[in-house]
Q: 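This is the structure, below, for whatever I ask next.
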2 protein chains.
Amino acid sequence: MSEAKVSRAERQRQTRERLIEVAEQMFLAVGYAGTSLDKVAVEAGFSKGAVYSNFAGKEELCLAVLDTIHAQKIRRVLDLFSEDVPIESRLKNFLEWSRSGLGEPQWTALEVEFAAVARHNPWVASELVKRHREVRRLIEQLISSTLADAGLETTIPVEQVATALLAMGAGLGGLRALDPRIDMDVFGAVLTGLVRPISSDEPTSSDASSSS
Amino acid sequence: MSEAKVSRAERQRQTRERLIEVAEQMFLAVGYAGTSLDKVAVEAGFSKGAVYSNFAGKEELCLAVLDTIHAQKIRRVLDLFSEDVPIESRLKNFLEWSRSGLGEPQWTALEVEFAAVARHNPWVASELVKRHREVRRLIEQLISSTLADAGLETTIPVEQVATALLAMGAGLGGLRALDPRIDMDVFGAVLTGLVRPISSDEPTSSDASSSS
DNA sequence: GTCTATAAATCGATAGAC
DNA sequence: GTCTATCGATTTATAGAC
């Protein structure tokens, strides 16, 4: 009985999942404009009608694809900053992962290409903005808490560091999509360069204007 | 006689220039995919045939548009770092300009969208890479020479600073194309955060491994 | 909910007249 | 070199059968 009952809602959930899965591969491989809904449907073993039964259109499908990717990335980042990991290793592991897994060129390229498309659809644009702000806040929290635990501080406000990392991640990925020789270590180098040990002489009340 | 003679090559040069001019407006306004060659031609006062008489196709037209924009940007930057400007003001003026004029969202959005398109055309991709490398080298030279003159140095290799600024400029512009509330001061803040006064005690021969 | 068939529109690119 | 006319190919989206 249980196997027969899942044939109702579960069946469609699988269809939707399969479509997203195939769409993700194609969007990443040939970009947003280069992907047609018909090919996605056929490759997934369905027809175009199935796509329109599960998504309002191409933009909503891509939005769903990006959501699954975002969920994966966020899960990975949260793992890297998990309490199971020694405090000293968290930042190091994250930077190592950022070299390859974070700013995958294909993903970043899709992200920015779709952002360009979304400019003409206010609803999609607002959805993207919502997601970007959430991600930025997450980065912000992870940075500030991790640095504090490690006895470090940023040389500029942490909000700006978060924005900088987000922008640089997108930019580096976009550049590398064209030029494989891009130095991805820049991401970690900049973050490292914006960090310093907490100086205990700064907040000591008296002298505030020492250098320059 | 002089006015009649320019009717040969000069006439076509004006056509080409006018097409680029209109194409630039449209590409920036509605993006690469959203711009049709027919509309460009009509808006410029010609027909589509004129476009194909002057450009090999849509991609070459966009490449020409990007080249004129790049030329403008580079000219502006060189002015900002000109010898006519006091050394202390150069970086400050550049950072002020970077807040608005450097990473215009429309331009950046076009740049990244076209980069996504160029992934499928090896020749266009190589042309873009060529341009990016030139720009990166220019940034690199300007930073290193300007900082040296001002008694400053970067906390990470200047090559990485140049790559970071290029990537962050693209990323920030792309983000702002969607979200106008993006803090563009981040660009200057990061650059400032990666700079420090030249420390005369570092290169003093003896101790090389002090911290961590 | 999925499929088939088709509508409807667009656009890049080309050929030939002038 | 520019214009007119058109090809050809694609794609999004919809309507109706099952």
Side-chain angles (χ1 to χ4, degrees), chain A residues 4-23 26-27 29-65 110 113-114 116-121 123-124, chain B residues 4-23 26-27 29-65 110 113-114 116-121 123-124:
Chain A
K5 273 182 69 177
V6 294
S7 296
R8 300 288 179 267
E10 180 67 8
R11 191 84 179 184
Q12 185 179 2
R13 199 192 62 82
Q14 287 182 358
T15 299
R16 187 185 156 93
E17 201 167 279
R18 172 76 182 142
L19 285 173
I20 292 179
E21 191 179 346
V22 172
M26 287 199 176
F27 278 137
V30 295
Y32 181 81
T35 299
S36 77
L37 297 185
D38 188 76
K39 286 175 185 165
V40 169
V42 171
E43 176 73 22
F46 298 93
S47 81
K48 210 171 16 174
V51 176
Y52 282 96
S53 295
N54 287 277
F55 304 94
K58 191 179 186 181
E59 289 162 341
E60 281 75 6
L61 174 60
C62 189
L63 212 48
V65 166
L110 173 62
E113 183 187 4
F114 186 62
V117 172
R119 282 203 302 157
H120 309 304
N121 187 331
W123 182 81
V124 179
Chain B
K5 271 182 70 177
V6 293
S7 297
R8 299 289 180 267
E10 182 66 8
R11 191 84 178 185
Q12 184 179 3
R13 200 192 62 82
Q14 288 182 358
T15 299
R16 187 184 157 93
E17 201 166 280
R18 173 75 182 142
L19 285 174
I20 292 180
E21 191 178 346
V22 172
M26 288 199 175
F27 279 136
V30 295
Y32 180 81
T35 299
S36 76
L37 296 184
D38 188 76
K39 287 176 185 164
V40 169
V42 171
E43 176 73 23
F46 299 93
S47 79
K48 209 169 21 172
V51 175
Y52 282 96
S53 294
N54 287 277
F55 303 94
K58 192 179 185 180
E59 290 163 340
E60 281 75 7
L61 174 60
C62 188
L63 213 47
V65 166
L110 174 62
E113 184 186 4
F114 187 62
V117 172
R119 282 203 301 157
H120 310 302
N121 186 330
W123 182 81
V124 178

Q: Rounded to the Å, how far apart are K48(A) NZ and dA15(D) P?
A: 14 Å
Q: For DNA chain C, which nucleotides open and close the run of contacts to chain B, 5' to 3', at under 4.0 angstrom from a non-hydrogen atom?
A: dC11(C) to dT14(C)
Q: Hey, does L19(A) have a side-chain heavy atom less than 4.5 Å from the side chain of F55(A)?
A: yes
Q: To the nearest Å, how far apart are D38(B) CG and dT6(D) P?
A: 15 Å
Q: Using atom NZ of K58(A) as one end and atom P of dT11(D) as the other, report the distance to the nearest whole Å.
A: 8 Å
Q: Do E59(A) and W123(A) have side-chain heavy atoms sitting under 4.5 Å apart?
A: no
Q: Set out, in order, the CA-CA distance, both residues' side-chain angles and the distance that settles side chain to side chain contact (heavy atoms under 4.5 Å, CB included) for V117(B) and N121(B), then state yes or no.
A: CA-CA 7 Å; V117(B) 172; N121(B) 186 330; over 6 Å; no
Q: At what distance, to the nearest 0.5 angstrom, does CD of E113(A) lie from CZ of F27(A)?
A: 9.0 Å
Q: Applying a 4.0 Å non-hydrogen cut-off, can you work out what Y52(A) is touching in the nucleic acid: base, sugar-phosphate, or nothing?
A: base
Q: Find the distance F55(A):CZ to dT14(D):C1' and express it as a whole number of Å.
A: 18 Å
Q: For G45(B) and A33(A), find the nucleotide of DNA chain D closest to each by heavy atoms; which residue's nucleotide sits nearer the 5' end?
A: G45(B)
Q: Reckon S36(B) touches a base, only the sugar-phosphate, or nothing at all at heavy-atom distances under 4.0 Å?
A: sugar-phosphate
Q: When rounded to the nearest 0.5 angstrom, what is the spacing between NZ in K58(A) and CG in L63(A)?
A: 14.0 Å
Q: Hey, could you give me the CG/CZ distance between N54(A) and R13(A), rounded to the nearest 0.5 Å?
A: 12.0 Å
